[in-house]
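Each remark here refers to the structure printed beneath this line.
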2 protein chains.
Amino acid sequence: MNKTIYDVAREAGVSMATVSRVLNGTAVVKEETKAKVLAAIEKLGYRPNAVARGLASKRTKSIGVILPDVSDLFHAEVLRGIEDIATMYQYHIILTNSDAREQREIDLVGTMWEKQVDGLIFISQDVTPQIVKTFEQAQLPVVLCATEDPEGRIPSVSINNEAAAYDATRHFLDRGVTRIAFLGGPPTLPVSRERRKGYEKALSEAGLPLDETLVLHARDLHYEAGLATASAFLHKTSGADAVVAVSDELALGYLNALRERGGEAPQDVLLLGFDNTRLATMLRPQLTTIAQPTYDLGAVSMRLLTKLLHEEAIEQYTVQLPHSIIERDSTAREARA
Amino acid sequence: MNKTIYDVAREAGVSMATVSRVLNGTAVVKEETKAKVLAAIEKLGYRPNAVARGLASKRTKSIGVILPDVSDLFHAEVLRGIEDIATMYQYHIILTNSDAREQREIDLVGTMWEKQVDGLIFISQDVTPQIVKTFEQAQLPVVLCATEDPEGRIPSVSINNEAAAYDATRHFLDRGVTRIAFLGGPPTLPVSRERRKGYEKALSEAGLPLDETLVLHARDLHYEAGLATASAFLHKTSGADAVVAVSDELALGYLNALRERGGEAPQDVLLLGFDNTRLATMLRPQLTTIAQPTYDLGAVSMRLLTKLLHEEAIEQYTVQLPHSIIERDSTAREARA
DNA sequence: CTGAAAGCGCTAACAT
DNA sequence: ATGTTAGCGCTTTCAG
């Protein structure tokens, strides 16, 4: 059998309540008795049982994280940000993958509740009304990470996707490049839709017509999808001088499809990605990209959640982190013919 | 206040024990009363409190995962394997990053104990005696993943690193390539050491002397380290016809360093990596690599842990998964001058 | 400043 | 087949 708080109390010659007090610092304890307790704890090698503690206090010091897929580089990096701040505030992470399936996401909120997590960080490509409803029923503090609630009722930390794509497109326009292709994800996906909106806005502001033949949609944001889509439809965009891809992986897929036909960037087309994943610097040419503060997205989400949990004052329930454009070789114009 | 098992019992007109029974299937319950209970649960929207359950049953259905860094592609993929199997067996994952620091690893085992996890999956570059001792004191079922206990006392799932590097080296030797460089990680790191052993063994079997000038050590297994080391010492290995790098990222680092001097693979050197990360197919040239069954490493570890937890029969406490060599363009000899 | 006692919500004997 | 009754190990009033 394992040591309990009773054993410590007996060993120290005090009551269990006192032990609890020195453990939690919930009340002042005389230095002398505190020392006795600490000694007893040390001697017995006692460690408090967090489960019992959770039951009695109704706070488990654990928070749930629901995300589509940890093995996705972007999510893994966000998660690292979450975890670091969680550790800092003494919270533990209970992690689950949703595979971006709505029903599973909803079910997971339920099992997270069963686990009595103190709060939830939710990462999804699409925060549907169903899901929002689930959050409200669950009565759990939730922070959306890298997404927003369209209705704005759930606290969130994200970037302004429309503005980011706008900036990306403007980057080319400002340099006199006007035939700009867009490689997006599924048209229904909010991120993809917002970015397309930014792309279109920049074009129309510049007085350019939207040329549908320059718009491609991959089935998701991964490399394989980018390669497949670009391979199949490269001819559509053959007139393009530049490509805005909504993820670094998609950009690379486009590039490799181009290479299959003997093309190269930036010589044949200027190429810009999204996310500034490690990939961007590992490639040759290095990839110009819109940097999302990936790690910070997670870190700030977790920080916001701690504020929610500790009822600290909160200025902003919906925070948008700044993005930036990082210029690298894939858009180096000097290299162009 | 939230619904408890009492509320359900009252609503259904039975005792709480009966509710518990239909919830857990721990005893036969008459169909009729079972239906009443289920109806009551449904009506009240009752969900069992996993914390209370954990305290009473002394099993939390959660397992701890300690790994160096989730944002590392390899670990993230292993983790996904763990998580999938965990979900299948209804376990939850409590995740923590150790940053490969021994003291932190040891501390984390302690906090995992506090959380009353049913078991632990431990991923580390170096399973020191200190850590093994910690496991034994903690009395926790542990499975080492992607590493082994040198003493063989802790169950583990890994690959045979020495054999893998041996095969990689032989791959070149069998094709008449004899000047083979080795790009390893820190010499003290077990993985790196074992792989070097395999490299040396293949050479000596072939009657070739070990040429120290062909051996490079990066400070870790990441791209940046590979680039830095290769940039600084490329001249040392300039006579090499082939390079065995102990990770895909390291291989890419070498390649990009080579490119800085106008070189390219496979034209100037045949290049082989390790791990078969997604990177390998995303690059051009695509990278020949030793495939570790990354996902399976996690999945099999978790499966082994469930066997430990459920006291199922176990044939093998120390399993080695098969590796394989995947030939791609980076070692295509036809392309060589 | 410290102790006694009542739960937290559930499982698991032990009865019936 | 179902009910009764102790706890699980801790936090948290409430007294003193």
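Just so you know, these numbers come straight off a predicted model, no measurement behind them. Naming: A, B, ... by sequence-line order, numbering from 1 per chain.
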Heavy-atom pair of closest approach, residues B:L321 and B:I159: O-CG2, 3.6 Å
Atom-pair distance (CD on B:E114; P on D:dC10), nearest Å: 10 Å
Nearest listed nucleotide, side chain of A:K58, among C:dC8, D:dT2, C:dC10: C:dC8
Gap between atoms NZ and C1', on B:K36 and D:dT2 respectively (whole Å): 11 Å
Closest approach of B:T294 to B:E77 (non-hydrogen atoms, all atoms of both residues): CG2-CB, 3.6 Å
Over all atoms of both residues, closest heavy-atom pair of A:I5 and A:Y46: N-CE1, 3.6 Å
First of B:Y46 and A:A27 reached from the 5' end of DNA chain C, by closest nucleotide: A:A27
Presence of B:T33 side-chain N/O under 4.0 Å of D:dT2 phosphate oxygens OP1/OP2: yes
Reading 5' to 3' through nucleotides 11-16 of chain C, protein heavy-atom contacts under 4.0 Å coded B for base, S for sugar-phosphate only, - for none: BBB---
Geometric class of the B:H310/B:Y89 ring pair [parallel <30°, tilted 30-60°, perpendicular >60°]: tilted
Smallest separation among heavy atoms of B:L297 and B:C145, with atom names: O-SG, 3.6 Å
Nucleotide C:dA6, atom P - distance to CG of A:L55 in whole Å: 17 Å
Phosphate OP1/OP2 of D:dT2 contacted by B:S15 side-chain N/O (<4.0 Å): no
Touch class at under 4.0 angstrom, heavy-atom based, for B:V51 against every strand present: nothing
N or O in side chain of A:T4 less than 4.0 angstrom from D:dG9 OP1/OP2: no
Rounded distance (Å) that lies between atom P of D:dC10 and atom NZ of B:K115: 14 Å
A:H75 side chain to A:D69 backbone, donor-acceptor under 3.5 Å: yes
